[in-house]
Amino acid sequence: MSIPNVELNDGHFLPAIGLGTYQIRGGQGIDQVLSAIQDGYRLLDTSTNYNSEGIVGEAISRSGIPRANFFVTTKLPGRYHHFDDTLMSIQESLCRMGLNYFDLYLIHWPLPKRGLYLEAWKAMIIAQKMGLIRSIGVSNFEPEHLDRLITETGVTPAVNQIEIHPYWVQEKMLLENKKRNIVTEAWSPLGRGNQSLKEKVIIDLANKYKKSPAQIILRWHQLRGIVPIPKSSSLVHQRQNLDTFDFKLTTSEIKSINALNKPTGRINNQDPNEYEEFD
């Protein structure tokens, strides 16, 4: 199965869909990631705080597929935003995963109350020059956070991975990222609890296109210029999630899904300006 690529502002290419690994752990997790790799996933998204870096690295090792064929992403925890801590955390994560470099490294949350994300970003620029990271980006950053990084360092994040799903459409943030030539990735692209899969508009479109509700939502993301990172431990769902590139929703159908947006649609009300990341 051929997965299209999306070009980043630094010239690297990102697969148009990835595998999220939140809550995928242990020996069972290795098998789940390995199965996903065998089905065609090459963008693998993890985080130090997910406690899944090791199993992702092990699955890559066991796959027998050359390292260069993968696009591996992990994220910096809030407790390591100090400059030296950032550099050490990157190196520790590489050792944990058995890799020589990351394709993409993200600051997981800006934590503006702590005020250290610029320091972390400067360390990531150094790590990129050292060859430890190919592309650098952020997660959950608002426009003012992005502009501070760009203004202070002259380096624009390649990616901003944010919460997007039918109940939290993020039209404004998507436009802000595009304005800065930053690719948007979506975490929890189906939402959590899967309530959006039961919405009538989604089910009707699934019936029309002979796709699953999840496939409709993932295609909705892609047609909006977003790279979704769905997490699934189900081998059937993993395979279905890849099979989204052979149909298109109309502009009006995309708008009908956008209309599901809720003012309180955020998962756990995680406002990037207020949220204090778990350690």
Side-chain angles (χ1 to χ4, degrees), residues 3-10 12-18 20 43 45 71 73 75 104 106-110 112 117 135-151 155-192 196-197 199 201-202 205 214-231 241 244-245 247-275:
I3 300 173
N5 287 318
V6 175
E7 187 171 6
L8 302 177
N9 60 25
D10 59 10
H12 293 298
F13 288 88
L14 176 76
I17 189 168
L43 168 53
D45 183 277
F71 195 100
T73 302
K75 308 177 192 79
L104 177 63
L106 308 176
I107 300 175
H108 204 155
W109 287 89
Y117 63 84
S135 296
I136 56 177
V138 295
S139 184
N140 303 299
F141 272 50
E142 296 286 291
E144 60 270 27
H145 309 141
L146 296 171
D147 287 342
R148 186 176 179 212
L149 298 183
I150 297 165
T151 300
V155 178
T156 300
V159 166
N160 189 10
Q161 185 181 119
I162 58 178
E163 177 184 352
I164 311 177
H165 46 78
Y167 295 148
W168 193 247
V169 172
Q170 290 268 48
E171 273 292 280
K172 180 186 173 186
M173 199 60 230
L174 184 58
L175 289 171
E176 293 286 353
N177 285 338
K178 283 181 179 176
K179 188 165 71 175
R180 294 163 179 80
N181 196 23
I182 297 170
V183 168
T184 301
E185 288 184 336
W187 60 263
S188 286
L190 305 177
R192 286 189 189 157
S196 62
L197 301 179
E199 292 284 352
V201 62
I202 303 292
L205 289 170
Q215 288 171 318
I216 295 297
I217 293 173
L218 293 173
R219 193 61 177 144
W220 166 74
H221 282 286
Q222 291 159 346
L223 292 170
R224 296 173 70 214
I226 300 162
V227 175
I229 312 288
K231 189 251 350 177
N241 290 348
T244 55
F245 297 102
F247 74 103
K248 282 190 176 182
L249 303 171
T250 67
T251 301
S252 63
E253 288 167 346
I254 290 171
K255 287 180 179 177
S256 70
I257 298 175
N258 287 355
L260 296 173
N261 188 65
K262 299 179 179 181
T264 57
R266 270 194 174 115
I267 295 169
N268 299 329
N269 195 32
Q270 292 176 326
D271 180 347
N273 282 305
E274 300 295 331
Y275 180 64

Gap separating the [atom1] atom of [X] from the [atom2] atom of [Y], nearest 0.5 angstrom:
X	Y	atom1	atom2	answer
Leu223	Thr244	CG	OG1	9.0 Å
Ile217	Ile202	CD1	CD1	4.5 Å
Tyr167	Ile257	OH	CD1	11.5 Å
Ile216	Ile254	CD1	CD1	11.0 Å
Asn160	Asn140	CG	CG	7.5 Å
Asn241	Leu218	CG	CG	5.0 Å

Exercise. Is it true that Asp45 and Lys231 make a salt bridge, defined as a side-chain N closer than 4.0 Å to a carboxylate O?
Worked result: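 No, Asp45 and Lys231 are not salt-bridged.
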Problem set entry | Pairing of Arg148 and Glu144 as salt bridge, 4.0 angstrom limit | no
Is the shortest side-chain heavy-atom distance between [X] and [Y] below 4.5 Å?
X	Y	result
Pro272	Arg266	yes
Arg180	Glu176	yes
Glu142	Pro110	no
Leu43	Val227	yes
Tyr117	Leu149	yes
Phe141	Ile182	no

Has [X] got a side-chain atom pairing as donor or acceptor with [Y]'s backbone, closer than 3.5 angstrom?
X	Y	answer
Gln170	Ile162	no
Ser139	Gln161	yes
Asn9	Asn181	yes
His221	Ala186	no
Asp271	Asn273	yes
Asn261	Val169	yes

Non-hydrogen atoms of [X] and [Y] that approach each other most closely:
X	Y	value
Gly137	Leu104	N-CD1, 4.0 Å
Ser135	His12	OG-CD2, 3.2 Å
Pro228	Gln222	CD-CG, 3.9 Å
Ile3	Ala16	CG2-N, 3.8 Å
Glu7	Phe13	CB-CE2, 3.5 Å
Gln270	Trp109	CB-CH2, 3.7 Å

For this session: Give the C-alpha distance, both sets of side-chain angles, the deciding distance and a yes or no for side-chain contact (heavy atoms from CB on, under 4.5 Å) between Lys179 and Leu146.
Result: CA-CA 11 Å; Lys179 188 165 71 175; Leu146 296 171; over 6 Å; no
Exercise. Should Met173 and Asn177 be marked as a side-chain contact (heavy atoms from CB on, under 4.5 Å) after you check the CA-CA gap, both sets of side-chain angles, and the distance that decides it?
Worked result: CA-CA 6 Å; Met173 199 60 230; Asn177 285 338; 3.5 Å; yes
Problem set entry | Asn269 and Thr264: CA distance, side-chain angles, deciding distance, side-chain contact (heavy atoms from CB on, under 4.5 Å) verdict | CA-CA 7 Å; Asn269 195 32; Thr264 57; over 6 Å; no
Exercise. Stepwise, does the side-chain contact (heavy atoms from CB on, under 4.5 Å) test hold for Phe245 with Ile17?
Worked result: CA-CA 10 Å; Phe245 297 102; Ile17 189 168; 4.1 Å; yes
